[in-house]
Amino acid sequence: MRSVSKLNYKIIFYLMGVLWLFNGGFMLIASLFSFIYKDGVGVEMVLAGAVTLLMGGLLMLSTKDHTKELNKRDGYVIVTFGWISMSLVGTLPYLFTGAIPNFTNAFFETMSGYTTTGASILNDIESLPESVLFWRSITHWIGGMGIIVLAIAILPLLGIGGMQLFAAEAPGPGGDKLHPRITDTAKRLWLIYVGYTIAETILLKVAGMSFFDAINHSLSTLSTGGFSTKNASIAHWNDQPLIQYIIMVFMFLAGTNFVLSYFAFKTRFSKIFKDEEFRAYSFFIIGLTLTAFLFIYYKADVAASAVNHPMVFGPLESAFRHGLFQVLAVVTTTGFVTADFTAWTPFLTIFFFGLMFLGGSAGSTSGGIKIVRHLIMIKNGIMEFRRTLHPNAILPVRYNTRGVQQPIVFNILAFFILYMLSFIIGVLVFSAMGLDFETALGGAASSLGNVGPALGDLGPVDNYASLSAPAKWWSSFLMLIGRLELFTVLILITPFFWRNR
């Protein structure tokens, strides 16, 4: 009988304390908006931040004599329970202010925030205090920032979900890398993340948004989250196309590998255009937008499916703008809404449902399966035909002119199978909880892909408030495993994880 492996519990709890301190600091920043806008919950927001800081500080003090060594098992536990613990303490601003007094609803909203899903149980967003709205948006931003570090620094070390491929393209020693040290790589990408957020805030303010709306939507856009300060989401600004085009630009950037943004700022544009994933990502966006535009223009009644929808520049531009916006929102898993795409045509309903499985680029803040995995699977499928004809030939799958190692191909195929199994099980569980087929199908795909808007009763103009408490917890679980690349969470429930090899 093999013995249970020893985890470095002290450093695990110490890092949880660090995360709570980080969380508490942002809660105090959110409380500033309460005093600026006099929303009446400043004391409660400060109290939530203080309690979180106190808990984080005590946890760090009690585990400060830890040994500074981490193994793979520690990494899996830290990533998974880090996200869960952040979501647990992240409920405090909602609970203390009374904005969301029910713990299940508060946890759902917080998990949706940190996983950058953007699904909400709130029926009247505009009635919330400004500080709570800002906290809601900042959970997206923290989650998006965490995902960048996760993709760049942690997942490749753990060998999760085919991200070794990304590790070969980004951090580590070599001429094409950002920087040989993981911490420096993360810092550079964080600076780009912060810079994009500031730039979008300024542009949205100049385009006509209030400063408060601009900063909130910038936090949601760069994290590909989707929380809005308006009940109608981005449809609130359907009479201001410039605002929507600005958001589209930053949705596209947020769905792109952040390493490529670094190369762009270093004027190394050849590396961007040679990147297969970027070319495929751009091609998909163009092709999918053209398809959506043609069906919207010739088949759909856009005005009937949108809120506050004057056709500022005529039906042609309107169809193009809504098509492009919704394609970007779903592919990048941002989940903003300018119209109810499920009301356009049955084809477009199925079309956008399919896009929920696409995902943005590896190394971006997007959820979903990711473009690079689709590319490798397609290439491997084509190569299988050639291998059938030439069984003795050595025919490797190539990505960015390099041969992809077979273990990485197998890892990606395993990820895809596990993703689809998780989706099927997600649909079955939702159905067992009483959801109709369309709602269960959309809810599982949207939660697992961190998209936000789904189908049926969870469509773009609806929310998740109608779900029962067990369904909300199940949706939260799907959000978590989808955001953390499946293996990270699911490996913890396997018996062999807790045994020595």
Side-chain angles (χ1 to χ4, degrees), residues 13 16-59 81-143 146 212 216 219-220 223 225-229 231 447 452 463-477 479-480 483:
F13 284 113
M16 297 296 166
V18 172
L19 290 174
W20 289 2
L21 285 182
F22 191 64
N23 237 9
F26 275 108
M27 288 180 195
L28 294 182
I29 292 172
S31 70
L32 294 176
F33 283 82
S34 184
F35 296 108
I36 293 170
Y37 291 97
K38 297 180 173 56
D39 63 10
V41 294
V43 174
E44 290 85 352
M45 287 297 294
V46 170
L47 184 60
V51 168
T52 304
L53 287 171
L54 178 62
M55 291 192 302
L58 290 174
L59 194 56
F81 286 97
W83 239 263
I84 294 172
S85 70
M86 289 274 280
S87 296
L88 286 170
V89 299
T91 62
L92 295 183
Y94 297 125
L95 297 173
F96 282 21
T97 62
I100 308 178
N102 179 279
F103 177 72
T104 294
N105 286 342
F107 183 83
F108 179 93
E109 197 79 11
T110 311
M111 180 62 78
S112 179
Y114 282 121
T115 57
T116 71
T117 303
S120 180
I121 50 81
L122 295 168
N123 289 311
D124 188 5
I125 296 165
E126 294 173 33
S127 67
L128 292 180
E130 281 82 358
S131 56
V132 174
L133 286 174
F134 183 78
W135 170 246
R136 188 167 169 263
S137 299
I138 207 72
T139 57
H140 270 341
W141 199 75
I142 296 169
F212 183 75
N216 276 274
L219 295 171
S220 291
S223 61
F227 280 158
S228 175
T229 56
N231 292 329
S447 298
N463 62 23
Y464 287 64
S466 62
L467 292 181
S468 64
K472 287 170 185 169
W473 284 102
W474 179 244
S475 179
S476 298
F477 174 71
M479 292 179 203
L480 179 68
R483 180 77 281 184

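Please read all numbers here as calculations on a predicted model, not as lab measurements. Below, all heavy atoms of this structure are taken into account, side chains as well, without hydrogens, waters or symmetry copies. Nothing fancy with the numbering, it's 1 onward along the sequence.
- The residue from M55, M45, E44 that alone fulfils the side-chain contact (heavy atoms from CB on, under 4.5 Å) condition with L92 is M55.
- Within the 4.5 Å cutoff, the side chain of F22 has heavy atoms near those of the F26 side chain.
- Atom OG1 of T97 sits about 8.0 Å away from atom CG of L128, to the nearest 0.5 Å.
- Separation of atoms CG (L54) and CG (L47) is listed at 10.5 Å; rounding is to 0.5 Å.
- If you look at F33 and W135, their ring centroids are not closer than 6.0 Å.
- The CE atom of M111 sits 11.0 Å away from atom OG1 of T139, with the distance rounded to the nearest 0.5 Å.
- Of the inter-residue distances, the one linking S137 atom OG with F227 atom CZ reads 8.0 Å to the nearest 0.5 angstrom.
- In terms of heavy atoms, G42 sits closest to S31 at O-CB, 4.4 Å.
- Taking 4.5 Å as the limit, some side-chain heavy atom of Y114 sits within range of a side-chain heavy atom of N23.
- In summary, of the residues considered (L133, I100, N105), a side-chain contact (heavy atoms from CB on, under 4.5 Å) with L122 occurs for I100 alone.
- Scanning all heavy atoms of the two residues, the minimum distance from A99 to V132 falls at CB-CG1, 3.8 Å.
- The shortest side-chain heavy-atom distance between L88 and F103 falls under the 4.5 Å cut-off.
- The number of heavy atoms from other shown groups lying within 6.0 Å of CZ (F212) is above 12.
- Listed here is the closest heavy atom pair of L95 and A106: CD2-CB, 4.0 Å.
- For the atom pair OG (S112) and CG (L480), the distance works out to 12.0 Å, reported to the nearest 0.5 Å.
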- Message: Is there a side chain to side chain contact (heavy atoms under 4.5 Å, CB included) between M16 and F81? Walk through the geometry before answering.
- Response: CA-CA 8 Å; M16 297 296 166; F81 286 97; 3.5 Å; yes
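- Closest of all the heavy-atom pairs between K472 and L467 is CE-O, 3.1 Å.
- In summary, the side chains of D39 and S131 do present a donor paired with an acceptor at a separation below 3.5 Å, with no hydrogens or angles considered.
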- Query: Which is it for V46 and F35 under the side chain to side chain contact (heavy atoms under 4.5 Å, CB included) test, yes or no, and what are the steps along the way?
  - Reply: CA-CA 10 Å; V46 170; F35 296 108; 3.9 Å; yes
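- Nearest approach of G90 to M27, heavy atoms of both residues: CA-CE, 4.1 Å.
- Side-chain atoms of S475 and S447 include a donor-acceptor pair closer than 3.5 Å.
- Evaluation of the side-chain hydrogen bond (donor to acceptor under 3.5 Å, both in side chains) rule for T117 yields T115, N450 as partners, not counting sequence neighbours.
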- Please report the C-alpha distance between F134 and L219 in whole Å, then the side-chain angles of each, then the deciding distance to 0.1 Å, and finally whether the side chain to side chain contact (heavy atoms under 4.5 Å, CB included) criterion is met. CA-CA 9 Å; F134 183 78; L219 295 171; 3.6 Å; yes
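- To the nearest 0.5 angstrom, I84 atom CD1 is 13.5 Å from T110 atom OG1.
- Residue pairs satisfying the salt bridge (charged side-chain N to carboxylate O under 4.0 Å, His left out) criterion with at least one member in residues 117-141, sequence neighbours excluded, are listed as follows: E109-R136.
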- Query: side chain to side chain contact (heavy atoms under 4.5 Å, CB included) between F108 and M479: does it pass, once the steps are laid out?
  - Reply: CA-CA 10 Å; F108 179 93; M479 292 179 203; 3.4 Å; yes
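- Nearest approach of A465 to N123, heavy atoms of both residues: CB-OD1, 3.9 Å.
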